[in-house]
Amino acid sequence: MKYRKNTQLRKAVGTSFSYNSGTMISGAADLYRATRSKVYLEDGKKLSDASFQYFAKLGSQVPAHYTYASDGFNNWFNGVLLRGFFQISPVFDKAGHYMDSFQQNLDYGYAHFLRSGLLPPDLLGGWHIDKDKNNLEGMFMFTYAAQYAMLSQYQIEK
């Protein structure tokens with residue numbers, strides 16, 4: 001079986017997901033660590049900047065906070081993006097600013113919407129007014145826990 005033989009992929013098509021960007025940022029960081037080739041570092045920096053600009057929307061829900069999509073699987077996908085920022089942060093200081101936006105959102109959700117030890121899917125918007133629409137998935141709660149762990153490690157290593 002040949003995968004995409006003769007398919008010229010010259011432009012982005014389809015939906016952009018933070019998961020894909022986070023994975024590629026992590027890969028660039030790993031390749032740079034392994035090879036010290038600046039091309040991987042520069043690719044990782046450019047993708048970090050472009051991803052933050054694309055996925056983080058300043059002030060759309062709460063002033064001075066960056067909103068990330070939280071519908072569908074986006075909370076989990078955003079955790080992968082944060083991991084990419086975390087992995088490139090030792091060689092790209094600006095990634096720390098991007099990571100701060102995740103910390104700020106977790107802190108906001110914790111301060112305003114923590115209920116029975118759980119955070120809502122939308123950290124800045126809170127719980128849905130219709131209680132039947134507040135179903136939580138464990139994977140998203142685990143994503144928040146993983147984000148707290150990464151952000152804590154980042155602060156310790158800083």
Side-chain angles (χ1 to χ4, degrees), residues 1-62 64-110 118-125 136-158:
M1 182 170 152
K2 295 182 181 177
Y3 182 69
R4 292 200 183 247
K5 183 178 180 186
N6 299 321
T7 302
Q8 300 287 326
L9 300 176
R10 300 195 186 277
K11 63 180 181 173
V13 295
T15 304
S16 297
F17 293 108
S18 56
Y19 170 93
N20 296 343
S21 296
T23 301
M24 297 306 291
I25 295 166
S26 292
D30 289 341
L31 286 166
Y32 175 70
R33 269 192 292 284
T35 67
R36 290 296 180 209
S37 173
K38 298 251 187 231
V39 70
Y40 299 121
L41 177 58
E42 292 310 312
D43 282 350
K45 287 178 176 183
K46 287 178 191 173
L47 184 54
S48 294
D49 290 339
S51 297
F52 186 74
Q53 183 177 27
Y54 184 85
F55 293 110
K57 306 299 179 204
L58 181 61
S60 67
Q61 283 183 287
V62 175
H65 287 67
Y66 287 93
T67 297
Y68 294 87
S70 61
D71 59 317
F73 289 97
N74 278 307
N75 277 330
W76 181 68
F77 292 171
N78 296 335
V80 176
L81 179 61
L82 173 60
R83 188 177 318 127
F85 293 150
F86 175 69
Q87 289 180 321
I88 202 163
S89 66
V91 292
F92 184 44
D93 290 338
K94 206 169 170 187
H97 168 69
Y98 303 156
M99 293 173 63
D100 289 344
S101 70
F102 284 87
Q103 182 71 59
Q104 188 178 28
N105 290 354
L106 285 164
D107 292 347
Y108 187 90
Y110 190 90
L118 300 172
L119 293 171
D122 183 351
L123 292 170
L124 299 180
L136 296 176
E137 298 216 17
M139 68 185 286
F140 300 138
M141 295 304 104
F142 291 127
T143 294
Y144 292 152
Q147 288 179 9
Y148 272 122
M150 270 186 282
L151 292 162
S152 295
Q153 184 176 350
Y154 173 72
Q155 290 299 322
I156 290 169
E157 293 173 358
K158 204 161 80 159

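No salt bridge links Asp49 with Lys46; every basic N to acidic carboxylate O contact stays at or beyond 4.0 Å.
In this structure, the ring of Tyr68 has its center less than 6.0 angstrom from the ring center of Phe102. Between Tyr66 and Phe52, the distance separating the two ring centers is shorter than 6.0 angstrom. For Phe77 and Tyr19, the distance between ring centers is under 6.0 angstrom.
Of the inter-residue distances, the one linking His97 atom NE2 with Ser89 atom OG reads 14.0 Å to the nearest 0.5 angstrom. Atom OG1 of residue Thr67 and atom CG of residue Leu124 lie 5.0 Å apart, to the nearest 0.5 angstrom. Between Tyr98 atom OH and Gln53 atom CD the span is 8.5 Å, to the nearest 0.5 Å. Considering OG of Ser21 and CG of Leu47, their distance stands at 5.0 Å, rounded to 0.5 Å. Once rounded to the nearest 0.5 Å, the distance linking CG of Leu123 with CZ of Phe140 reads 12.0 Å. Taken to the nearest 0.5 Å, the CD atom of Gln155 stands 7.0 Å off from the CG atom of Asp100.
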Stepwise side chain to side chain contact (heavy atoms under 4.5 Å, CB included) check, Thr143 with Gln147: CA-CA 6 Å; Thr143 294; Gln147 288 179 9; 3.5 Å; yes

Residue pair Leu151, Leu82: steps toward the side chain to side chain contact (heavy atoms under 4.5 Å, CB included) verdict: CA-CA 9 Å; Leu151 292 162; Leu82 173 60; 4.1 Å; yes

Evaluation steps, side chain to side chain contact (heavy atoms under 4.5 Å, CB included), between Ile25 and Gln87: CA-CA 8 Å; Ile25 295 166; Gln87 289 180 321; over 6 Å; no

Candidate pair Met150 and Arg83, rule side chain to side chain contact (heavy atoms under 4.5 Å, CB included), full reasoning: CA-CA 7 Å; Met150 270 186 282; Arg83 188 177 318 127; 3.7 Å; yes

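In plain terms, the two heavy atoms of Gly84 and Ser26 that are nearest each other are CA-OG, 3.3 Å. Taking all atoms of both residues into account, the shortest heavy-atom contact from Tyr144 to Pro120 is OH-O, 2.9 Å. Nearest heavy atom pair, residue Ser70 against residue Asn75, reads CB-OD1, 3.6 Å. For Ser16 against Tyr54, the heavy-atom pair with the smallest separation is CB-CE2, 3.7 Å. Taking every heavy atom of both residues into account, Ala95 and Ile88 meet most closely at CB-CG2, 3.8 Å. Between Asn74 and Ala69, the closest heavy-atom pair is CB-O, 3.2 Å.
Annotation for Met24: atom CE does not count as buried by contact number, only 12 or fewer foreign heavy atoms lying within 6.0 Å. The 12-atom threshold is exceeded at OH of Tyr148, counting heavy atoms of other residues, nucleotides or ligands nearer than 6.0 Å.
At a cut-off of 3.5 Å, with distance as the only test, a side-chain donor of Gln103 or Asp107 sits close to an acceptor on the other residue. Asp122 and Gln61 form a side-chain donor-acceptor contact under 3.5 Å, judged by distance and modelled atom types alone.
Judged by distance alone, the side chain of Gln104 and the main-chain N or O of Ala64 form a donor-acceptor pair under 3.5 Å.
A 4.5 Å side-chain heavy-atom check between Lys45 and Leu41 finds at least one atom pair inside the cut-off. Contact annotation: the side chain of Tyr32 never approaches that of Asp43 to less than 4.5 Å [non-hydrogen atoms, C-beta and beyond]. Proximity of Leu119 to Tyr110: side-chain heavy atoms (C-beta onward) are separated by under 4.5 Å at one or more points.
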